Amino acid sequence: PLARTGPILFAKRVPGSFSHQLTQYYGRCSRPGGGLFVLEAPGESMRCRRLAEDALPLGSVQHPEVSFDGRRALFAFCPAPPAGASDWRTDQRCYHLHEIDLETGEVRRLTSGAFDDFSPRYLPGGRILLLSTRRGGFHRCGRGPCPVYTLAILEPGGGEPRVISFHETHEWDPALLNDGRIVYTRWDYVDRHAVHYQQLWTVHPDGSQPVVFFGNNTLNPVGIWEARPVPGSHLVMATAAAHHAMTAGSIILVDTARGVDGLDGIARLTPDALFPESEAPVQHWHAPVGVPVPPPVPPEQKRWPGHCYRSPFPLSEDLFLAAYSFEPLIGEPRANPAAMFGIYLVDRFGNKELLYRDFNISSLWPAPLRPRPRPPILPSSATVSGPREGTFFLQDVAVSWPALPRGDADRIRRLRILQVLPKSTPHANEPRVGLANASPGKQVLGTVPVEADGSAFFRAPAGLPIAFQALDDLGRAVQSMRSVTYLQPGESASCVGCHEHRTSAPSPRGRPLALSRPPSEIEPGPEGSRPFSYPLLVQPVLDARCVSCHGASDPAGGVVLTGDPQGEFTASYNALAPLVPRSEWKGGDFLRSNSEPISRPGFFGAKASRLMDALLDGHEGVRLSRDDIARLVTWMDATALFYGTFDPADQARQRSGELIAGPAVE
């Protein structure tokens with residue numbers, strides 16, 4: 001009976017001209033052909049009818065979404081020239097949201113401007129959730145331009161979509177869970193490997209309470225996209241896919257009651273399809289010590305093991321609609337064939353029944369064209385107007401996973417608050433902000449106190465991607481957050497501990513000390529930490545304490561610690577930065593070299609630096625003041641960066657020791 005869905009709404013679409021998770025949804029990469037269609041009697045006939053044929057020019061349709069009452073549908077559309085007539089790197093075409101009345105066929109356009117707007121979802125209160133490039137910024141780890149798209153809201157009356165996610169890089173495939181939250185995919189690679197962390201997060205429809213849902217410490221599958229809730233269940237169905245290709249792979253069921261990371265919480269519903277890029281039956285990222293590395297193989301075999309599925313629409317935990325391709329997935333930079341996917345009814349026991357296939361073009365995103373339950377409206381904790389700030393409450397910094405080293409938890413008396421800066425230039429390491437490869441920019445907002453019982457309560461600005469570090473009595477980071485969070489205006493956010501296990505519950509002990517007082521204000525860091533500037537933060541210490549022995553002429557040990565420009569940075573930075581353990585995107589055996597996937601306490605920064613140990617021990621009789629120590633540990637813990645901006649002109653000013661106004665994109 002579940003298979004008797006009635007008519008099915010779907011889109012015919014030619015896959016984008018560049019096969020990658022980032023580029024597949026840009027208007028500039030769209031190829032012409034297809035449209036919006038209804039399969040009238042699935043399982044009985046392949047007869048279908050086209051919607052809005054006269055209302056739209058030649059172009060590309062994606063992400064159809066049926067309204068709760070089944071009378072309207074949202075979709076994204078981009079006009080596209082004939083194939084081969086444009087260059088994706090320079091083209092300015094964009095997807096915009098449209099809505100169609102399914103009874104009258106009338107189409108109205110909802111968004112406009114030089115932004116990609118797509119993946120629309122109806123919310124129960126009348127608003128529309130979408131992905132949009134309106135926040136600004138670019139990805140950090142490759143050639144572009146690849147503008148960042150994040151969650152945004154379109155009010156019922158229309159107007160300009162309002163960004164509600166301030167994550168520093170891309171997000172995908174929002175869907176409404178049965179409890180009213182939003183589940184979506186976040187690319188979470190702050191100071192981590194760039195490929196493996198595209199997993200599931202949740203957020204409230206007002207943009208508050210962004211939290212991990214599943215897989216943020218998981219390397220297989222590479223990522224999870226297209227999540228949708230199973231009717232009447234806490235389970236989520238999704239596509240386990242690759243990073244360096246468009247979304248396609250194996251269909252999985254995610255059960256967070258069985259695990260929040262790894263394979264324990266995953267049931268593979270299509271066992272005939274491997275997880276692309278992480279489960280290819282040949283050469284992996286690294287081999288164990290002593291095991292010979294297999295000979296090189298063609299990239300197609302290494303990454304893309306064979307046929308693939310995508311666009312699951314769950315009817316139950318055992319039965320679902322999906323798009324299926326007999327053709328293997330093709331990764332970047334090439335395009336996939338136009339006619340890869342047909343629409344199937346699939347079950348978890350290995351059966352699939354063809355419902356529709358067009359041999360000239362792919363058919364994607366099937367959804368029953370009927371009314372569906374409306375999830376509850378969650379109350380909002382955010383305010384659209386008013387002060388752009390909120391509060392954070394931390395119950396106990398010692399509650400940590402992995403556990404903090406013995407004695408370190410008792411010495412934590414402050415938290416450092418870092419602002420992670422979105423990249424404002426389009427290509428990796430052009431320009432660099434420090435030695436760390438493809439690093440995000442950072443600046444230090446300051447520090448706040450931690451009470452004797454480990455609690456903290458403080459104000460923080462809203463609308464900024466921020467991260468926290470737990471500091472010992474010397475101000476060194478014992479544990480660092482390699483992700484971001486953010487506040488909506490007026491929001492009060494809280495957590496159990498510092499990297500606590502996600503199944504942890506708050507302790508039932510008495511009232512935390514931090515809640516017995518008003519929230520703390522952030523105490524600014526040392527000069528040169530906001531905007532971040534190595535010449536203003538670190539060089540004054542070197543000039544006062546070190547240059548007398550490590551000057552430009554006859555430097556001790558051949559180590560020059562002057563602030564003279566040298567290449568992209570300065571002489572002292574080029575000498576000292578390699579001595580600071582830093583987290584970054586690394587290849588090779590990144591598991592050991594970069595503390596992945598779980599951040600180990602004390603693995604990076606000043607706490608792990610032999611340079612810092614030598615200075616604290618009084619290297620050559622040098623005695624550092626508290627201000628000196630604060631400057632050096634702040635620099636080391638902020639990934640040993642040099643610049644606080646990606647803007648080349650501002651970088652030139654910073655290199656010469658000037659103070660700049662701040663980052664180009666916040």
Side-chain angles (χ1 to χ4, degrees), residues 9 11 25 61-77 94-100 108-113 115-135 147-167 169-187 198 200-211 213 224-229 236-238 247 311 313 365 367 372-384 463 486 488-489 491:
L9 180 70
Y25 299 137
V61 166
Q62 60 183 2
H63 299 121
E65 167 81 350
V66 179
S67 64
F68 296 110
D69 60 11
R71 297 177 178 177
R72 294 164 293 130
L74 295 166
F75 62 95
F77 173 78
C94 295
Y95 279 97
H96 290 113
L97 299 194
H98 294 69
E99 185 178 49
I100 183 170
R108 66 187 184 111
R109 180 167 163 170
L110 303 180
T111 65
S112 60
F115 307 101
D116 278 300
D117 299 321
F118 58 99
S119 285
R121 297 290 183 263
Y122 287 104
L123 295 178
R127 299 183 300 167
I128 294 171
L129 182 72
L130 67 146
L131 293 173
S132 178
T133 57
R134 294 165 192 269
R135 198 220 63 194
V148 164
Y149 38 80
T150 60
L151 299 173
I153 287 288
L154 183 64
E155 298 296 337
E160 190 83 1
R162 175 172 54 87
V163 173
I164 61 168
S165 170
F166 306 100
H167 179 51
T169 191
H170 294 69
E171 297 170 337
W172 292 269
D173 301 320
L176 198 59
L177 292 175
N178 297 323
D179 63 8
R181 292 177 298 159
I182 304 299
V183 64
Y184 64 103
T185 299
R186 175 200 271 197
W187 191 12
Q198 294 121 129
L200 298 181
W201 288 63
T202 62
V203 71
H204 284 215
D206 63 354
S208 64
Q209 301 185 45
V211 296
F213 183 75
I224 301 175
W225 287 269
E226 300 186 315
R228 281 188 178 270
V236 165
M237 195 175 292
T247 300
S311 307
F313 190 98
W365 299 297
R372 55 194 174 95
R374 191 184 299 259
I377 299 175
L378 299 182
S380 176
S381 61
T383 57
V384 176
Y486 50 82
Q488 302 296 328
E491 180 183 357

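Please read these numbers as outputs of a predicted model, since none were measured by experiment.
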Ring centre gap for Y25 and Y149 strictly below 6.0 Å: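 Ring centroids of Y25 and Y149 are no less than 6.0 Å from each other.
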With a 4.5 Å cut-off on side-chain heavy atoms, are [Y] and [X] touching?
| X | Y | value |
| --- | --- | --- |
| P161 | R134 | yes |
| F166 | P210 | no |
| V148 | T133 | no |
| E155 | R162 | yes |
| V163 | S132 | no |
| C94 | D116 | yes |
| E226 | F313 | no |
| L154 | P120 | no |

Looking at S381, is its backbone amide N or carbonyl O close enough to the side chain of Q488 to form a donor-acceptor pair, meaning the two atoms are under 3.5 Å apart?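 No, the answer is negative, given that no donor and acceptor are paired below the 3.5 Å cut-off.
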Between R186 and W201, is there a donor-acceptor pair closer than 3.5 Å when you use the side chain of the first and the backbone of the second?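 Side chain of R186 to backbone of W201, a donor-acceptor pair under 3.5 Å: no, none is there.
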Distance-only side-chain donor-acceptor flag, E171 / S165, under 3.5 Å: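 A pair is found: one side chain offers a donor N or O, the other an acceptor, under 3.5 Å apart.
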Could you grab the distance from atom [atom1] of [X] to atom [atom2] of [Y], nearest 0.5 Å is fine?
| X | Y | atom1 | atom2 | value |
| --- | --- | --- | --- | --- |
| S380 | H204 | OG | NE2 | 10.0 Å |
| D117 | L97 | CG | CG | 5.0 Å |
| L151 | L131 | CG | CG | 5.5 Å |
| H96 | F77 | NE2 | CZ | 11.5 Å |
| F213 | I224 | CZ | CD1 | 9.5 Å |
| E99 | T111 | CD | OG1 | 12.0 Å |

For the student: nearest non-hydrogen atoms of [X] and [Y], plus distance:
| X | Y | value |
| --- | --- | --- |
| P124 | P376 | CG-O, 3.9 Å |
| P229 | L176 | CG-O, 3.2 Å |
| W172 | Y184 | O-CB, 3.5 Å |
| P373 | F68 | O-CD2, 3.6 Å |
| V203 | S208 | CG2-O, 3.1 Å |
| V236 | A227 | CG1-CB, 3.5 Å |

Candidate list L177, I164, L123, L378, test side-chain contact (heavy atoms from CB on, under 4.5 Å), partner I182, passing option: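 Exactly one candidate clears the test, L123.
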Kindly write out the residues that satisfy ring pair (Phe, Tyr, Trp, His ring centres under 6.0 Å) with W365, not counting sequence neighbours, or none if the list is empty.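 Ring pair (Phe, Tyr, Trp, His ring centres under 6.0 Å) check on W365 returns H63.
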How about CZ on R109, more than 12 heavy atoms from neighbouring residues, nucleotides or ligands closer than 6.0 Å, or not?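 More than 12 within 6.0 Å, yes.
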